[in-house]
Amino acid sequence: MKETITSLLQSAIDALKHQGVLPDDLTATIKIDPTKDKAHGDYATNLALMLAKPAGLKPRELAEKLTAALPESDAIAKTEIAGPGFINFFAAADAAAQIVANILDAGDAFGRSLVGQGEKVQVEFVSANPTGPLHVGHGRGAAIGDCLCRLLEATGFEVTREFYYNDAGAQIQNLARSVQARAKGLGPDDASWPEDGYRGDYIIDVAKDYLAGKTVTADDREVTAQGDADDLDAIQAFAVAWLRREQDLDLKAFGVAFDVYFLESSLYEQGKVEDTVARLTQNGHTYEDDGAMWLRTTDFGDDKDRVMRKRDGGYTYFLPDVAYHLDKWNRGFKTVINEQGADHHSTVTRVRAGLQALEAGIPKGYPDYVLHQMVMVTRSGVEVKLSKRAGSYVTLRDLIDEVGRDATRFFLAARRADSQLTFDIDLARSQSNDNPVYYVQYAHARVCSMLRKAEAESRAFDYTQALANLASLDSDQEKAVLNRLARYPEVVEQAARSREPQQVAQYLLDLAGDFHTCYNAVKVMVDDDALRNVRLALGIATRQVLRNGLDLMGVSAPEEM
RNA sequence: GUCCCUGUAGCUCAGUAGGAUAGAGCAGCCGCCUCCUAAGCGGCAGGUCGCAGGUUCGACUCCUGCCAGGGACGCCA
């Protein structure tokens, strides 16, 4: 529909150029918007307002000339000029309803596109270190990151989901000492409990399994406990695998799976950190000061230079970060998106500066970042801060167990990443119309229910008859659904391009609302076969789009509630 | 002090690469199940889009300054 209007306008412009009304060298980007107000038709363009100045005409005058020059089309019932010079298009009834046939034909593929042209994209998200269960923040990252991946896949990109973690740093040693302390029967209140040790109850479980000689299998490693409480290295290896497994189970329960687990330690083992240092030094962007080696990141937009090699000879975290992103680039990812908590904001400039200093032909804005703000969890209006298991924070597992996977995913991905999120447990678990997840799912179930009823009454859906009567979908409520359905593909594309999964959630809420309104206004199971079938077709098309959209969010589309 | 994010109805939030009279849900009030699932629908009420300037035919949207909240500013990751 949009394409039709665009091409009509394009030929009108060409005609006016021919007549000398518009200058020949004029290039116009034609923008068609769906209208907010039905009185303005179905689609509108501001073209005459945009071109008024270069054309040297008043906007409304130009609009007159444009509409006069529009070729005839079956798709358009009429056009109007309104306000300061908008051109409104009223779609012919059957033209708008044609979307129903498109959706039914395309099925699961409706809304998918090839704009990505198979380009490789890597999305790094969650990237939690294996020192504890995943918390709500990781959950938000998982929901947003995975939804982004699904959006990119749906728009024709080849996506790699990657999880980066450190299995060897100071925090991991701290983890090992904590487990060891538990294995020796100590608790956080004992005098010899390690300083800053992990106090959560899960450490007790790790220690128990270690002493019992258990074997744990995570997605990317398997370790059998050695059982000796004095062997810190063995404890560390076991603890890392144990927590990796726990995180894997949480992610699985959340419906998120990764293609690659990338170890920070591998960057050292494969000499990539040293290579990076050498390149930075060769390029003359480093200097020694105060016993440390610095990178002159201020040459690349940072507000101060950064230490890359500490006085004690070790590297700061920022260096392996740069090496890691160089490795991403070398693996052929021209587009990389890092989904992280906003508390990592400071790394953005630094990593980008480091990559520029490599002089490896990496573009300035590489990589992309999607940073999400904090999540606050509330119950009965009061903030929940603790979980027994983790000690100091609410875990993702707590939420999944309590409100379910669908609600958790929807709630965490339905808000813009850059606004702070209040996760209201009472709302998420309420089986009522307050709950947006159920609102959308219910619309889907309602269509299923109609079809079951049709089946039971031996009035099974007849596709051919529906197609022959598309023009009967002419009530305001039906037209609202049709227009909404037609917008789905561009919503997907826009959400993918702007990296904003919440647009899909918002769309689904709108579509479900349009459908519920329609359901109450227009009876579907009528005796007239033609009417019944075409209305069923609209329901089926709606169900298809709801299903496709929910799938993009990783949320199920139940057949009954 | 510097940088980033946010500020829209009593509450939680949308607002689609500036477009027409700023939307939805909840909370409040009034209605709708002899009828396809009422986990639903309709209506009423509720706003100087933080404040002040600027750009534009047109600004919630872009620019500048200020105010408020959050985050980051480590030889921690």
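Quick note on labels: first sequence line is chain A, next is B, and so on, each numbered from 1. Hydrogens, waters and symmetry mates play no part in the numbers below; they use all other heavy atoms, side chains included.
- For A:Leu151 and B:rU16, the CG to P distance is 17 Å, given to the nearest whole Å.
- Judged by distance alone, the side chains of A:Glu162 and A:Tyr324 do bring a donor and an acceptor atom under 3.5 Å apart.
- Here B:rA14 presents its P atom at 12 Å from CD of A:Gln420, a figure rounded to the nearest Å.
- Side-chain proximity of A:Lys304 to B:rA17, B:rA77, B:rC73: nearest is B:rC73.
- In this model, a donor atom of one side chain and an acceptor atom of the other lie less than 3.5 Å apart for A:Asp406 and A:Gln441.
- To the nearest 0.5 Å, the span separating SG on A:Cys147 from CG on A:Leu412 amounts to 11.5 Å.
- Judged by ring centres under 5.5 Å apart and planes tilted less than 30 degrees, A:His40 stacks against the six-membered base ring of B:rA20.
- OP1 or OP2 of B:rC76 sits under 4.0 Å from a side-chain N or O of A:Lys310.
- Across all strands shown, A:Ala443 has no heavy atoms under 4.0 Å from either base or sugar-phosphate atoms.
- In this structure, the CZ atom of A:Arg350 is 16 Å from the P atom of B:rC3, given to the nearest Å.
- Donor-acceptor pairing under 3.5 Å, judged by distance alone, is absent between the side chain of A:Asp418 and the base of B:rC4.
- Dashed line: the shortest gap from a side-chain N or O of A:Arg446 to OP1 or OP2 of B:rA38 is under 4.0 Å.
- Within 3.5 Å, a donor on the side chain of A:Arg487 pairs with an acceptor on the base of B:rU16, or the reverse.
- Residues A:Tyr287 and A:Asp305 bring a donor and an acceptor atom of their side chains to less than 3.5 Å of each other.
- Backbone-only engagement by A:Ser419 is indicated by non-hydrogen atom pairs under 4.0 Å involving sugar-phosphate atoms exclusively.
- Pair check for B:rC3 finds B:rG71; Watson-Crick or G-U wobble, both atom distances under 3.5 Å.
- Proximity note for A:Gln494 (side chain, C-beta onward) versus B:rA17, B:rC36, B:rG15: the nearest is B:rA17.
- Here B:rU6 is the nucleotide among B:rC36, B:rU6, B:rA17 with the atom lying nearest to any side-chain atom of A:Arg416.
- Using a 4.0 Å heavy-atom criterion, one finds that A:Glu264 contacts the sugar-phosphate atoms exclusively.
- Among the heavy atoms of the strands lying under 4.0 Å from A:Met50 is at least one base atom, whether or not backbone atoms are also near.
- With hydrogens and angles disregarded, a donor-acceptor distance shorter than 3.5 Å links the side chain of A:Arg535 to the backbone of A:Lys523.
- Rounded to the nearest 0.5 angstrom, A:Tyr165 OH and A:Tyr261 OH are separated by 8.5 Å.
- Among the nucleotides B:rA20, B:rC57, B:rG71, the one closest to any side-chain atom of A:Leu49 is B:rC57.
- Nucleotide B:rC32 is matched to B:rG40 when pairs are restricted to Watson-Crick or G-U wobble geometry with both distances under 3.5 angstrom.
- In this structure, B:rG58 forms no base pair with any nucleotide, since neither Watson-Crick nor G-U wobble geometry is met with both distances under 3.5 Å.
- Distance from the side chain of A:Thr316 is smallest for B:rC75 among the nucleotides B:rA38, B:rG19, B:rC75.
- Along RNA chain B, the nucleotide closest to A:His516 and the one closest to A:Lys453 are compared, and the more 5′ of them pairs with A:Lys453.
- The partner of B:rU16 cannot be assigned: no Watson-Crick or G-U wobble pair with both contacts below 3.5 Å exists in any strand.
- The nucleotide B:rA52 finds its pairing partner in B:rU64, both defining distances of the Watson-Crick or G-U wobble pair being shorter than 3.5 Å.
- One cannot find a donor-acceptor pair under 3.5 Å joining the base of B:rA39 and the side-chain atoms of A:Tyr438.
- Residue-level contact check: A:Val437 touches neither bases nor backbone, having no heavy atom under 4.0 Å from any strand.
- Here the nucleotide nearest the side chain of A:Asn46, chosen from B:rG19, B:rC75, B:rC36, is B:rG19.
- Across B:rA77, B:rA20, B:rU56, the shortest atom-to-atom separation from the side chain of A:Asn88 is found for B:rA20.
- When only modelled atom types and interatomic distance are considered, A:Asn483 and A:Asp42 share a side-chain donor-acceptor pair under 3.5 Å.
- A donor-acceptor contact closer than 3.5 angstrom links the side chains of A:Gln247 and A:Arg244.
- For the pair A:Tyr369 (side chain) and A:His345 (backbone), a donor-acceptor distance under 3.5 Å is absent.
- Counting non-hydrogen atoms under 4.0 angstrom, A:Ala82 reaches a base of the nucleic acid.
- Base pairing annotation: B:rG46 forms no Watson-Crick or G-U wobble pair, as no partner gives both donor-acceptor distances under 3.5 Å.
- In this structure, A:Asp290 reaches the bases: a heavy-atom distance under 4.0 Å links it to at least one base atom across the strands shown.
- Taking a centre distance below 5.5 Å and an interplanar angle below 30 degrees as the stacking criterion, A:Tyr439 does not stack against the six-membered base ring of B:rA39.
- Between A:Phe89 atom CZ and B:rG19 atom P the separation is 17 Å, expressed in whole Å.
- Here the C1' atom of nucleotide B:rU12 and the CD atom of A:Gln506 are 12 Å apart, to the nearest Å.
- Which of B:rU56, B:rC41, B:rC35 sits closest to the side chain of A:Thr517 comes down to B:rC41.
- Remark: A:Gln502 is in phosphate contact with B:rG15, judged by side-chain N or O atoms under 4.0 Å from OP1 or OP2.
- Remark: C1' of B:rA39 and CG of A:Asp406 are 14 Å apart, rounded to the nearest angstrom.
- Contact annotation: A:Thr349 does not reach the phosphate of B:rC4 (side-chain N/O to OP1 or OP2, under 4.0 Å).
- As a whole-Å value, the separation of A:Tyr43 OH from B:rU16 C1' is 13 Å.
- Picking from B:rC57, B:rA77, B:rG71 the nucleotide with the shortest atom distance to the side chain of A:Tyr317 gives B:rA77.
- Nucleotides of RNA chain B nearest to A:Gln171 and A:Cys518 differ in position, and the one nearer the 5' end is that of A:Cys518.
- A sub-4.0 Å separation between OP1 or OP2 of B:rA20 and a side-chain N or O of A:Lys36 is present.
- Note on A:Arg311: a base of the nucleic acid sits closer than 4.0 angstrom, heavy atoms only.
- In textbook terms, a nucleotide whose glycosidic angle is within 90° of 0 is syn, and B:rC33 is one such case.
- Looking at A:Asp343, its side chain has no donor and acceptor atom pair within 3.5 Å of the base of B:rA77.
- For A:Asn166, the side-chain atoms get nearest to B:rA77 when compared with the rest of B:rC41, B:rA77, B:rC75.
- A:Ala44 comes within contact range of at least one nucleobase, with a heavy-atom separation under 4.0 Å.
- The distance from atom CZ of A:Phe410 to atom C1' of B:rU12 is 14 Å, rounded to the nearest whole Å.
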